[in-house]
Trainee: 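Before we start, here is the structure in question, set down as structure tokens.
Counting starts at 1 for both ligands and their atoms, following the listed order. A quick note: this is a predicted structure, and the numbers were derived from the prediction, not measured.
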Amino acid sequence: MTDPAPAQAMAAQLKWWQKGIIYQIYPRSFQDSTGDGVGDLRGITARLPYLKSLGVEAAWLSPIFTSPMHDFGYDVADYCDIDPLFGTLDDFDALVQEAHGLGLKVMLDYVPNHSSADHAWFQEALKGKGSEKRDWYVWRDPGPDGGLPNNWKSFFGGPAWTLDEASGQYYLHQFLPSQPDLNWRNPAVREAMFDVLRFWMRRGVDGFRVDVIWLLAEDERFLDEPVNPEWLPGDIEHNSVQHIYTQDQPETHQYIREMRAVLDEFEDRMMVGEIYLPVEQLLPYAGTEDAAMVHLPFNFHLILRPWQAQAVREFADSYDAACLKIGTWPNWVLGNHDQHRFKSRVGAAQYRVAQTLLLTLRGTPTVYYGDEIGMDNVRIPLERMVDPAGLQQPDSPAASRDPERTPMQWDATANAGFSPAAATPWLPLADDYQTTNVQAQQADPHSDLSYFRALTALRQQHPALVGGAYHSVDSGHEDVFAFRRSLGGETLTILLNFGAGEHVLGDVAAGHTLLSSRNDQPRSGAGLRPNEARIILT
Ligand code: GLC
């Protein structure tokens with residue numbers, strides 16, 4: 001054993017967004033304080049002590065701004081106000097104050113790529129070609145055949161262009177027609193959108209998750225995108241072309257540098273960017289000593305890659321090395337409001353293996369609400385489906401995001417303690433809420449919630465899990481991913497059995513077991529059981 005004090009000091013030098021866990025709240029589904037079936041800010045404030053008890057550092061709230069809610073808040077009609085459904089600016093200030101009092105950070109969801117069509121800017125732009133806000137959005141004349149300007153596609157199906165009949169021009173929308181793309185080439189747009197960041201930072205906001213940040217700029221030539229030869233019918237239509245002119249453009253990097261300069265006007269703020277790209281294209285977005293970019297570009301690769309020990313090891317090795325090489329801090333994600341619940345994805349048997357991985361790899365973990373109690377996808381009957389991504393693409397059933405957005409399961413009472421009993425929650429509850437809920441799991445030391453808390457407690461007790469170096473080791477078994485985290489003389493070994501066989505690991509597993517997903521303390525050297533995750537003090 002070594003003295004953990006110097007290691008603790010080393011880990012303490014990390015910034016809050018490096019050492020802490022980000023917890024994503026989908027506000028519609030967290031806690032309804034008014035009985036209208038939709039979660040709200042006062043509900044969240046009431047649950048902040050729960051967040052504290054989880055051992056997380058920051059709450060990221062999906063959008064809470066004024067919105068017609070066609071995309072449930074990702075269509076913002078006023079960037080500097082709260083939608084009445086969620087409360088008021090006073091409620092928001094109270095939330096921030098309460099969170100800060102508990103030592104929690106607050107992050108907002110900043111949606112710069114597009115506004116709502118209801119935004120005053122777009123309403124002004126619709127007045128015609130001479131409008132002073134016309135150039136705040138992206139307009140094109142019809143193509144040579146008198147139809148669409150080009151073949152660009154919306155993420156939610158159909159073309160990325162809608163005709164404004166009054167002017168005869170099309171406007172660009174990479175999502176719904178009611179989400180027109182802002183024109184980031186226009187410096188006045190950038191200035192207005194930077195003022196939005198300042199507005200919230202002055203109110204005490206600690207950071208931002210930046211929506212679809214890799215889509216900000218489009219190629220100015222407006223050429224057709226090449227057909228994707230790998231696309232198969234049944235896959236979402238957006239994937240039928242290769243997005244070489246609408247994603248990851250050089251100008252976007254410039255806009256992000258400007259955005260970062262605005263964050264740096266304030267102390268200790270951060271931004272994490274939503275970016276679905278391969279690592280070679282992802283890491284150029286990362287902040288380093290030489291590059292004032294986003295502090296964390298979301299790494300979604302645990303979601304996108306096969307759930308296999310060797311595939312995960314290979315990725316973790318190469319990603320960790322690539323981050324070290326450029327001097328940026330890694331991060332990891334298993335779930336969010338756009339992706340099916342990770343428990344449903346990897347299977348119930350692998351749930352704790354995945355949770356352990358997320359909370360022990362080197363880098364900031366982001367946890368999606370409800371994943372700490374093992375919430376699954378919820379099957380939504382057709383008549384209750386509300387997500388436009390699903391409704392607009394009935395031929396791609398997996399496109400609906402409703403299954404992962406259902407109300408948080410707090411207790412076994414009607415409506416799971418999310419809404420009062422008489423209310424109808426905006427999405428149906430999971431069938432298993434009477435057993436899978438916070439209250440029941442709190443009382444059970446062997447529950448998923450207790451396991452989650454044990455993991456976050458270990459992160460607090462063992463700085464090696466937070467700030468320590470990562471290196472993987474050969475486990476000798478195809479199904480077992482083993483790695484070590486070391487800091488200041490302390491080493492922890494993490495053993496993850498991705499398979500259903502039992503494996504004897506020998507020296508790799510030597511040491512004292514701190515935690516097993518099987519809720520016991522196996523002897524040193526004992527075999528790693530099917531689907532077991534184990535953390536060992538080496
Ligand atoms: C992001 C959000 C998603 C939203 C889309 C459009 O991908 O995460 O929920 O629909 O952007 O804003």
Trainee: Can you tell me which residue and heavy atom of the protein come closest to atom 9 (O) of ligand 1, and the distance to 0.1 Å?
Mentor: Asp338 OD1, 2.7 Å
Trainee: Can Asp206 and Arg269 be counted as an ion pair, charged N to O under 4.0 angstrom?
Mentor: no
Trainee: So for Arg405, does at least one of its heavy atoms come nearer than 4.0 angstrom to any atom of ligand 1?
Mentor: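 Contact present.
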Trainee: I'd like to check which ligand 1 atoms, numbered from 1 as shown, lie under 4.0 Å from a non-hydrogen atom of Arg209.
Mentor: 2 (C), 8 (O)
Trainee: Enumerate the salt bridge (charged side-chain N to carboxylate O under 4.0 Å, His left out) contacts for residues 225-235, please, sequence neighbours excluded, ordered by first and then second residue.
Mentor: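 Salt bridge (charged side-chain N to carboxylate O under 4.0 Å, His left out) check on residues 225-235 returns no pairs.
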Trainee: Where is the nearest protein heavy atom to atom 7 (O) of ligand 1: which residue, which atom, and how far?
Mentor: Glu274 OE2, 2.9 Å
Trainee: Looking at Tyr137 versus His114, is the centre-to-centre ring distance below 6.0 Å?
Mentor: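 That pair fails the under 6.0 Å test.
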Trainee: Looking at ligand 1, would His173 count as a contact under a 4.0 Å heavy-atom criterion?
Mentor: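 Contact absent.
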Trainee: Minimum distance, heavy atoms only, to atom 5 (C) of ligand 1: which one of Phe298, Phe175, Phe155, Tyr276 is it?
Mentor: Phe175
Trainee: Before you tell me yes or no, could you show the steps for Tyr79 and Phe199 under ring pair (Phe, Tyr, Trp, His ring centres under 6.0 Å), namely the whole-Å CA-CA distance, both residues' side-chain angles and the distance that decides it to 0.1 Å?
Mentor: CA-CA 9 Å; Tyr79 287 99; Phe199 174 86; over 10 Å; no
Trainee: Which atoms of ligand 1 sit under 4.0 Å from any heavy atom of His114?
Mentor: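 It comes down to these atoms of ligand 1: 6 (C), 12 (O).
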Trainee: Counting only heavy atoms not in Glu314 (residues, nucleotides, ligands), do more than 12 fall under 6.0 Å from its CD?
Mentor: no
Trainee: Going by the atom numbers of ligand 1, which of them fall below 4.0 Å from some non-hydrogen atom of Val212?
Mentor: 1 (C), 7 (O), 11 (O)
Trainee: Can Phe156 be said to touch ligand 1, with heavy atoms closer than 4.0 Å?
Mentor: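 The answer is yes, since Phe156 has a heavy atom less than 4.0 Å from ligand 1.
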Trainee: Quick one: which ligand 1 atoms are inside 4.0 Å of a heavy atom on Arg401?
Mentor: 3 (C), 4 (C), 9 (O), 10 (O)
Trainee: Flag yes if more than 12 heavy atoms outside Arg42 fall under 6.0 Å of its CZ atom; otherwise flag no.
Mentor: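 At most 12 heavy atoms, drawn from other residues, nucleotides or ligands, come within 6.0 Å of this atom.
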Trainee: Cut-off 3.5 Å, side chains only: do Asp248 and Tyr285 have a donor facing an acceptor?
Mentor: yes
Trainee: Give the residue, atom name and distance (to 0.1 Å) of the protein heavy atom nearest atom 2 (C) of ligand 1.
Mentor: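 Here the nearest protein heavy atom works out to Asp211 OD1, 3.0 Å.
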Trainee: Going by the rule side-chain hydrogen bond (donor to acceptor under 3.5 Å, both in side chains), which residues pair with Gln350 if we only count those two or more places apart in sequence or in a different chain?
Mentor: Trp307, Asn531
Trainee: Which atoms of ligand 1 are found less than 4.0 Å from any heavy atom of Asp71?
Mentor: 4 (C), 5 (C), 6 (C), 10 (O), 12 (O)
